[in-house]
Every structure is written in structure tokens, then in C-alpha cells.
Amino acid sequence: MAGKPGYQYVMQDIRELYQEVILDHNQNPRNFGPLESANREAEGFNPLCGDQLKLYADIENDAIKDIHFDGSGCAIFKASSSIMTELAKGKSVEEADTLFDQFHELVTTGSADAESLGKLAVMAGVHQYPARVKCASLAWHTLKNILDGSNETVTTE
Amino acid sequence: MIQHLHPETIRKDFAIFNAHPDLVYLDSAATSQTPIQVTDAVLNYYESFNANVHRTIYSIGNEATQAYEAARKKIADFIGAEDAASVIFTKSATEAINLVAHAWGRKNLSAGDEILITEMEHHSNIVPWQLTAKETGGDLKYIPISQEGELEDWENCISEKTKLVAITHQSNVFGTINPIKELAAKAHAAGALVLVDAAQSVPHSKVNVQELGCDFFAFSGHKMLGPTGVGVLYGKTDLLEKMDPFLGGGEMIKTVTMETSTWNEIPHKFEAGTPNIAQAIGLGAAADYLNDIGMENVYAHEQELLQYTLNALGDLPGITIHGNPKKRGGVVSFNVDGIHPHDAAQFLDDDGIAVRAGHHCAQPIMQKLGVAATCRASAYLYNTKSDIDKLHDSLEKVKSVFN
Ligand SMILES: Cc1ncc(COP(=O)(O)O)c(C=O)c1O
């Protein structure tokens, strides 16, 4: 769509948002389903899209031994949750906290240190689509709750 | 003889299609686009006779008052109301329903009384009644709906206990047009009043509140080519006269002493404070615009597009269309199998197609359908068959990306 003169319209390519990696995680989510060994759980809900999430984590000695997610929602939500579990698994609580901050920076400002992002970089496209930031963030905010030991359900409203 | 409506000519009145020539706007059930005749009327008020209403003796104040009251008369005529005094300007359909819930519901309902609504209501016709039921001790009952998106067995839901039936005229999810006239007759026979949520019907068909036989009738300006920030409550004058005010302030009073006040005549009793003058005038212009085209023509055009849409989507494998009501307006809700509506809508947007994806403020319907959300395409007088073709082609593309 052409913008009005004086109105900056940034051309976006939707495939920046829906990269192959995202489509793949949507189709074949990793660490999906309940986790038997979980000692912490948290729920998240995105009322806008109806995305629903349950996170299960096995945290021992400040380390995330294992983490799973369950739920339903859009591709961005599902892929982001799946990627989050892959990234968080095996990390210390402190490292996961840093990842959360990096993710947050990435989707809200679009800028981040590309070097340190690794797999997270596929989420960069989300920044261009403000309405979808919530879909991508739900899993991370719910993870944050688990890390902080909070039992409150995350809602993105 | 029906004179056909020409969307290509009509589109020229809508500046948005100048700004976005490729825009395929299929979300008029959420809000409609605005013709220049309406924006001009709003602008003209601000540029030529911007003044408060009912309070001034100078001439532009008179002009503003006359234009505001003329808008009220236009709206009264548009919906077949007996008297302009039965038309109250509110900020929206939502506020209109809340007005009745407060000024009538809280006063007239008590423990054991039933408020009857339906499973196909918009949240704006559910939540005010939940609150009213809670406060009065009344019971909130639902007329069930079928998978087709039609009311089920509504006749047996109305009883002596029913004090109010609050029902949508046209569903914003299925497009279902409900049998208001029959329902109102039955409700009245049982001693109940009838409130109609007409947010989706007034913009798209010729309505007559007296023929429908409803007691209250609520709708929004922004869905019928008017500005945002203005809605309408129609109420039978004898009911409105008996009701206490909703909001208190200027304009709605006759006298104020330190201790107490007396109320102004209707409709002013229900319009506390400076009203939405510009928007009401704009809404009057929207009614003029729709009258010029003819609501029968608007309806016929949308029926044609509806059939075309149902055929186009029906041709695509893997599309589930929700509901199949016999009498319906130009709203189609659907899901693309295996693809979340938000993902589908994001790809459609990439092709310049605006459809709604979400629960459409009707979560009880979503629960009934067993989905979190749907896509919804809704048409209006400016839509063309080519819009629907583009929707069809874009959906095909979406499917190929995800499969
Ligand atoms: C059936 C129905 N009722 C009520 C409303 C509420 O309208 P508004 O938000 O303008 O008050 C809508 C708007 O989506 C609707 O579709």
C-alpha cells in the first residue's frame, strides 16, 4: 500500500516475520507437551489471539535441566515458545534472565547485538509487526515468571 | 424495480480508497469507512458554526443546535421512530445498552427476575446484563444457538419470569438475522421488554423500530458510515419518560438547587454534558448518504456479495465456514484448516486485504464453535466482486506457505 506523502511507510517483507525456521517450529514444535519431571509450572494467556500456554520446568540448583511447553495459538506464538525452550534448556537461571532481556530488547526495539543472539535472531522480524509482539512474547514472559518464582498467570493485555 | 448500486462509483466518495487504491477492506462489521459527505459535514460544523448546543442565544449557537437536532430527526426517520424525542445520542452502541442496564435495569429488576439474552451476543450485550443481574439479584439466561448459527427453541425460553429480552438483530459472527418481530410479540405477551442490539443491522438493511416492535434499540454511528464517538439509543417515549437519568450533569436538568434537581425533557434527560455535536451531525449526513443510495440497494448488493463470497470460499479446500443461517447479512466467518486466523490475516494484510481475526468480542460463540478465533470477512456498499476474488487468491497463497 502506498502511504501518503510525508508519511513514512517502511516496506516490510512478510517472510521476515514468517521465516522458514518459524514455520518449521510451528509445524514441529520442540519440547512440546507436559514434562513429567517438572517442579515449576506457569501459565500464560494472550486474550487478543486466544493464545494459551502452559510452561513446565525442571529447575535444580539454579539450572534449567529441562523445559517444555504446551498450548495452542498462532504460528508466531508456537514458534517463539518452541525456540525459547530450546534456548533456555541447560541454561542457568541467570543466563535465562539475560536471554529474556535480549529477547525483549529485540522485539521491542528491533535492535540487538546480532553476534550474541544466535537462534533468537529469527524473531527480529516481529518488531515490524507491533500487533504480533504479544504473540512472540508470551512464552518469554511466562518463563520470566517461572524464573522469578511467581505463580500468577501471565496475560499480555 | 431495484436500481443497482455501483460500488465503483460509490468508492469515489471514500477518500481512503484514494490514499490506498489497492486496499481491499473487508472489515466493515468492525468499523465502516467514511464518505467525504460525512467528513465534510463534520468539518463544516467546526469551520462554520462551531458552538455549544441548547445554551446560547447567538446565531452560530442556534445554527449548531438546529443542525444537531436536525441530525436527531434524520436518525429518527432512518429507523422509523415515531418521535425524534425517542432518539438519544450516546457515544456508542455499547453506551446505549449500558444506559438501559443502568437507568431501566437496575431500577426495574429484582431477585428472581430473568434477563434473557442469546449465545450469539457481542460482549457489549452480555457484560452489562451480567453486571445488572449481579446487582439486582436477577438471573441471566441464554437462548442457545445451533451450529448453523441460529437461535434454538427461543419460544420456550420466554416465561412469566422474563422481564427483558436483549438480543442482537444481526450476528457479527455469523451474519444471522434474528426474528425480532416474532420474538418481541412473544416477549410482550409474557410482559417482558425487548432491547435490540442493532449495531450490525442498521448499517446494512432497512429497519423500522415500530414494525419490529422493540422497546429499546441500540446502534453505533461508526459502523454505518458515520464518525466514531456517536451511537444511538432509541426507546419508546413512555418508557424513557418514566426512567431516571443515566449520567448527571449539564443539559439533562431542568432545575438544580443545592439539595436536588429536576430532570429535563427526553431526550435531553439522557444527554448529560456537552454532547458529541460534530459526530451527531456527521451521523445525520451518513443517514442522508445511505438514503440517497437506498437501503434496499445496499442490502441487495451485500446479498449478492455474500453469495459470491460463500461460493468463492466454498471452492477452496480446507476452509471451514462457520454457521449457515438461512437469513443472513454479508458477514462470513471462517477458518483455514491448520492455520491460526492471526497468521492467515497477517498474510492477507500483506496482500492489502483487511479482514478481522479474533474472537470478535463474542467469546461464548468461539467456545461453542470450539475455536479460539476465526477470520471474518464483512462487506459493505463499497466492496466489489474483485475484492472477493483477491481474498480467494490470497487465501490460496496462505495455504501454500503453510503446507
Ligand atoms: C453486534 C454488535 N453489538 C455491539 C457492538 C458494539 O459497538 P461499539 O463498540 O461501537 O459500541 C458491536 C461492534 O462490534 C457489534 O458487532
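The chains referred to below are lettered A, B, ... by the order of the sequence lines, with proteins before strands, and numbering in each begins at 1.
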Please indicate whether [X] has more than 12 foreign heavy atoms, meaning atoms of other residues, nucleotides or ligands, lying under 6.0 Å from its [atom1].
{"X": "N61(A)", "atom1": "CG", "value": "no"}
{"X": "E36(A)", "atom1": "CD", "value": "no"}
{"X": "E396(B)", "atom1": "CD", "value": "yes"}

Aromatic ring proximity F402(B)/F347(B), centre distance under 6.0 Å: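 Yes: the rings meet the under 6.0 Å criterion.
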Quick check: does any side chain N or O of [X] sit under 3.5 Å from a backbone N or O of [Y], one acting as donor and the other as acceptor?
{"X": "R40(A)", "Y": "A38(A)", "answer": "no"}
{"X": "E16(A)", "Y": "D13(A)", "answer": "no"}
{"X": "N98(B)", "Y": "T94(B)", "answer": "yes"}
{"X": "S394(B)", "Y": "K390(B)", "answer": "no"}
{"X": "K223(B)", "Y": "A29(B)", "answer": "yes"}

Residues of residues 67-75 of chain A with any heavy atom under 4.5 Å of a heavy atom in chain B: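 Heavy-atom contacts from residues 67-75 of chain A to chain B are G73(A), C74(A), A75(A).
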Which of residues 360-376 of chain B have a heavy atom under 4.5 Å from any heavy atom of chain A?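 Those residues of residues 360-376 of chain B which have a heavy atom under 4.5 Å from chain A are A372(B), A373(B).
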So which part of [X] gets closer than 4.5 Å to some heavy atom of chain B, the side chain, the backbone, both or neither?
{"X": "Q52(A)", "result": "neither"}
{"X": "L23(A)", "result": "side chain"}
{"X": "F77(A)", "result": "neither"}

Out of the candidates T384(B), D387(B), D389(B), only one should pair with Y308(B) under the side chain to side chain donor-acceptor pair (under 3.5 Å) rule; please name it.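 So, applying the side chain to side chain donor-acceptor pair (under 3.5 Å) to Y308(B) and each of T384(B), D387(B), D389(B), only D389(B) qualifies.
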Tell me yes or no: between the side chains of Y382(B) and S32(B), is some donor less than 3.5 Å from an acceptor?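 The answer is no; no qualifying pair exists.
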